[in-house]
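To start, the structure itself, in structure tokens.
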Amino acid sequence: MNNKNGIVFGLANERSYAWYITQSLRDAGANIIFSYLPGDKNLRRLMSALKELEMEDATCIPCDVTSDEQLDDLFNKTAMIMPQLDFIVHSVAYANKEYLQIGNFHTTPRQVWAEAMDISAYSLVAIAQRAADLMTEGGSIVAMSYLGAEKVVPGYNVMGVAKAALETASRYLAGSLGYRNIRVNCISGGPLRTLSAMGVANFDRMLDCQEKYSPMQRNITGDEVGKTALFLLSPWASAITGEVIHVDAGFHTLASFPGLKEQIPCHSAIPV
Ligand code: NAD
């Protein structure tokens, strides 16, 4: 990734998935512009996270991904600094946490649905269509997803629907941008204690279940997602597109056993 140019969306603080991805990209020699949700507090948090990474000189450009004007402004400014772009990291999501409670999915209002979809899924399309114009030598786009896109995870609710849209959008983007050698993939990451994760009602239980029942019987680290993102963004993944790679210690492979009070850990014998 030496001297490859890209934009990272969604680095909120030093616990963000985007922080770990940035760390891997930095170590591999990439040049990065950071886009953050407008706001003084958000900029302060971002600057302190970049200081930890010894990247406080990096360019940071505010952009609310729901605004076409702000996205245009971001990409116009980027084009002046990086006329040719190689990669994008999409690590952005939002849903009203009032509707991320166990058992209340059916109460989701239209506006809450639309907002979650816009910020967490459509934004990938809005970003990709602008980034593609600058990816004159091909490129790679990675977006962060979660198992709630595929299965019912209690409390994940409308965010699960948005993640399903994000994963499907990434496949359609892979379809429409592949002939330009632009690849689009998702990472489905295990639970990690970040700012956004605190909005999910069931989050501690998600961490517990992951540790107890995943084939590897442990939670994952941000660094493991960072390294997978680096791989997908690099030429090592040159023929991989439209893929969802799970970085979850195998948790997504498990079937559940409805009716049993407790899930059966993978390593124990099936009771007769
Ligand atoms: P985080 O809070 O550190 O990052 C979320 C980012 O989204 C923040 O930087 C926030 O400012 C940004 N954002 C929200 N609304 C925005 C908007 N309108 N415009 C621009 N930016 C906006 O949390 P995180 O857990 O690192 O989340 C990053 C990604 O990883 C998300 O897509 C999340 O769904 C996904 N993910 C998280 C977990 C987890 O357990 N933490 C697991 C799997 C996937």
Side-chain angles (χ1 to χ4, degrees), residues 7-23 34-50 60-71 73-74 89-97 100 114-124 126-127 142-151 153 155-167 169-170 186-210 219-226 228-229 244-249 251-252:
I7 309 176
V8 169
F9 290 82
L11 202 172
N13 63 22
E14 58 291 332
R15 289 199 300 273
S16 298
Y17 262 135
W19 192 90
Y20 295 96
I21 297 171
T22 297
Q23 190 176 41
F34 295 91
S35 170
Y36 65 97
L37 184 63
D40 291 346
K41 194 168 155 197
N42 294 338
L43 179 59
R44 271 199 307 279
R45 276 188 184 144
L46 171 61
M47 290 316 295
S48 120
L50 289 179
C60 301
I61 304 175
C63 175
D64 182 330
V65 296
T66 61
S67 161
D68 284 332
E69 293 71 30
Q70 292 185 32
L71 281 164
D73 181 59
L74 164 69
V89 174
H90 179 288
S91 192
V92 167
Y94 176 81
N96 182 332
K97 77 176 191 188
L100 302 181
E115 182 183 47
M117 282 288 188
D118 191 9
I119 297 176
S120 316
Y122 177 71
S123 61
L124 181 66
I127 289 167
V142 166
M144 285 303 306
S145 190
Y146 175 62
L147 182 63
E150 304 160 54
K151 302 282 180 195
V153 175
Y156 203 62
N157 298 1
V158 67
M159 189 52 85
V161 181
K163 289 301 188 196
L166 178 79
E167 291 185 5
S170 75
C186 287
I187 293 175
S188 184
L192 187 75
R193 209 179 280 284
T194 62
L195 258 187
S196 297
M198 295 304 96
V200 181
N202 201 22
F203 190 74
D204 284 342
R205 177 128 173 80
M206 284 156 76
L207 282 173
D208 286 350
C209 282
Q210 165 82 32
N219 276 294
I220 62 136
T221 65
D223 186 49
E224 289 171 315
V225 164
T228 306
V244 178
I245 296 193
H246 295 83
V247 182
D248 65 353
F251 191 79
H252 72 285

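Remember, it's 1-based here, ligands and their atoms both numbered in the order they're listed.
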Ligand 1 polar-atom proximity to protein (N/O, under 3.5 Å):
unit_1	atom_1	unit_2	atom_2	d
ligand 1	2 (O)	Ser196	N	3.1
ligand 1	2 (O)	Ser196	OG	2.6
ligand 1	3 (O)	Ser16	OG	2.5
ligand 1	9 (O)	Gly10	O	3.0
ligand 1	18 (N)	Asp64	OD1	3.0
ligand 1	19 (N)	Val65	N	3.0
ligand 1	23 (O)	Thr194	OG1	3.3
ligand 1	23 (O)	Ser196	OG	3.1
ligand 1	25 (O)	Thr194	OG1	2.5
ligand 1	26 (O)	Tyr17	N	2.8
ligand 1	32 (O)	Val92	O	3.4
ligand 1	32 (O)	Lys163	NZ	2.8
ligand 1	34 (O)	Lys163	NZ	2.8
ligand 1	40 (O)	Leu192	N	2.8
ligand 1	40 (O)	Leu192	O	3.3
ligand 1	41 (N)	Leu192	O	2.9
ligand 1	41 (N)	Thr194	OG1	3.2

Nearest heavy-atom neighbours spanning Tyr17 and Pro191: OH-C, 4.5 Å

Results of ring-ring contact (aromatic ring centres under 6.0 Å, His included) for Tyr146 - residues two or more places apart only: Tyr156

Side chain to side chain donor-acceptor pair (under 3.5 Å) partners for Asn13, two or more places apart: none

Residue Asp40 excluded, over 12 heavy atoms near CG under 6.0 Å: no

Contacts of type salt bridge (charged side-chain N to carboxylate O under 4.0 Å, His left out), residue Arg193, not counting sequence neighbours: Asp204

Side chains of Asp64 and Thr66, donor plus acceptor under 3.5 Å: yes

